[in-house]
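Just below is one structure, and these are the notes that go with it.
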Amino acid sequence: MALHISAASMILLAITASASSAAITQEDYAADEGDQTSSNDNLIFDDYRGKGCVDDSGFVYKLRERFFPGHSNCPCVCTEDGPVCDQPECPKIHPKCTKVEHNGCCPECKEVKNFCEYHGKSYKILEEFKPSPCEWCRCEPSNEVHCVVADCAVPECVNPVYEPEQCCPVCKNGPNCFAGTIIIPAGVEVKVDDCNICHCHNGDWWKPAQCSKRECQGKPTL
């Protein structure tokens, strides 16, 4: 009888011990899981306020350490309140700058315009050119084009012509004027019909010719 009670007690003790061991293991597992979650949270949500500063790439800087938050930022100093960055007075960009880079604290001009543009064409500094027969132009150091237009003299004829590549009209047959509907040369008297002889005014080609009647040499009237 004593042996039977002893065996039953041992079975009961074994069951109790097993239950206690399972409970302890479950609690320990839960505690470990909580610690792991807490550890992961700290890695994801690191807070460096009052301890350091972080740049664009995630690098951590100590307090009072000087650093650049990004490749195109001005230098900063890490403080307990966060980064305090310099705000320098950057040099002005040249108004003729055609290429500006922003790879540093201040923008930098990499290329300055050294030519002129006129009617869709480019010209070098101090280059002279003629856009038309009557224009003479030059590309100035200011990148501006200055032009002079020829002032043509008044032609001394009533039938001037324009030659190719020439600005001003020319009198191919010399000075002349109108005698009625006839063009006569200047400087000579011209018999325009049987009764009238005409000549041009000196220097006043635009005026009609001055004519005078002479003895008619035509056939007598019947």
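Note that the numbering runs from 1 along the sequence shown for the chain. Keep in mind the model is a prediction, meaning the values are calculated, not measured.
- Applying the ring-ring contact (aromatic ring centres under 6.0 Å, His included) test to Phe115 and every residue at least two apart in sequence or in another chain returns nothing.
- Atom CD of residue Glu101 and atom SG of residue Cys109 lie 9.5 Å apart, to the nearest 0.5 angstrom.
- Disulfide status for Cys152 with Cys134: absent, SG atoms not under 2.5 Å apart.
- For the atom pair NE2 (His146) and CD (Glu140), the distance works out to 5.5 Å, reported to the nearest 0.5 Å.
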Side chains of residues 121-131: which donor-acceptor partners sit under 3.5 Å, not counting sequence neighbours?
{"from": "Glu127", "atom 1": "OE1", "to": "Lys124", "atom 2": "N", "distance (Å)": "2.7"}
{"from": "Lys130", "atom 1": "NZ", "to": "Pro133", "atom 2": "O", "distance (Å)": "3.4"}

Without placing hydrogens or testing angles, list every side-chain donor-acceptor pair under 3.5 Å for residues 163-190, not counting sequence neighbours.
{"from": "Glu163", "atom 1": "OE2", "to": "Lys172", "atom 2": "NZ", "distance (Å)": "3.4"}
{"from": "Asn176", "atom 1": "OD1", "to": "Val158", "atom 2": "N", "distance (Å)": "2.8"}
{"from": "Asn176", "atom 1": "ND2", "to": "Asn159", "atom 2": "OD1", "distance (Å)": "2.9"}

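- Across Cys137 and Val145, no two heavy atoms sit closer than the pair CB-CG1, 3.9 Å.
- Under the 2.5 Å SG-SG cutoff, Cys53 and Cys76 do not qualify as a close cysteine pair.
- Residues Cys105 and Pro88 meet the side-chain proximity criterion, which asks for heavy atoms closer than 4.5 Å.
- Among pairs with a residue in residues 141-151, none fulfils salt bridge (Lys or Arg N to Asp or Glu O under 4.0 Å), at least two apart in sequence or across chains.
- Checked against ring-ring contact (aromatic ring centres under 6.0 Å, His included), Tyr61 has the following partners two or more places apart in sequence or in another chain: Phe59, Phe67.
- Separation of atoms NE2 (His199) and SG (Cys211) is listed at 8.5 Å; rounding is to 0.5 Å.
- By the side chain to side chain contact (heavy atoms under 4.5 Å, CB included) test, Lys62 pairs with Glu65, sequence neighbours left out.
- Cys200 contributes atom SG, which lies 12.5 Å from atom NZ of Lys207 (distance to the nearest 0.5 angstrom).
- Cysteines Cys74 and Cys106: SG-SG separation is not under 2.5 Å.
- The CD atom of Glu111 sits 3.5 Å away from atom OG1 of Thr98, with the distance rounded to the nearest 0.5 Å.
- Atom CD1 of Ile93 is separated from atom NZ of Lys99 by 13.5 Å, given to the nearest 0.5 angstrom.
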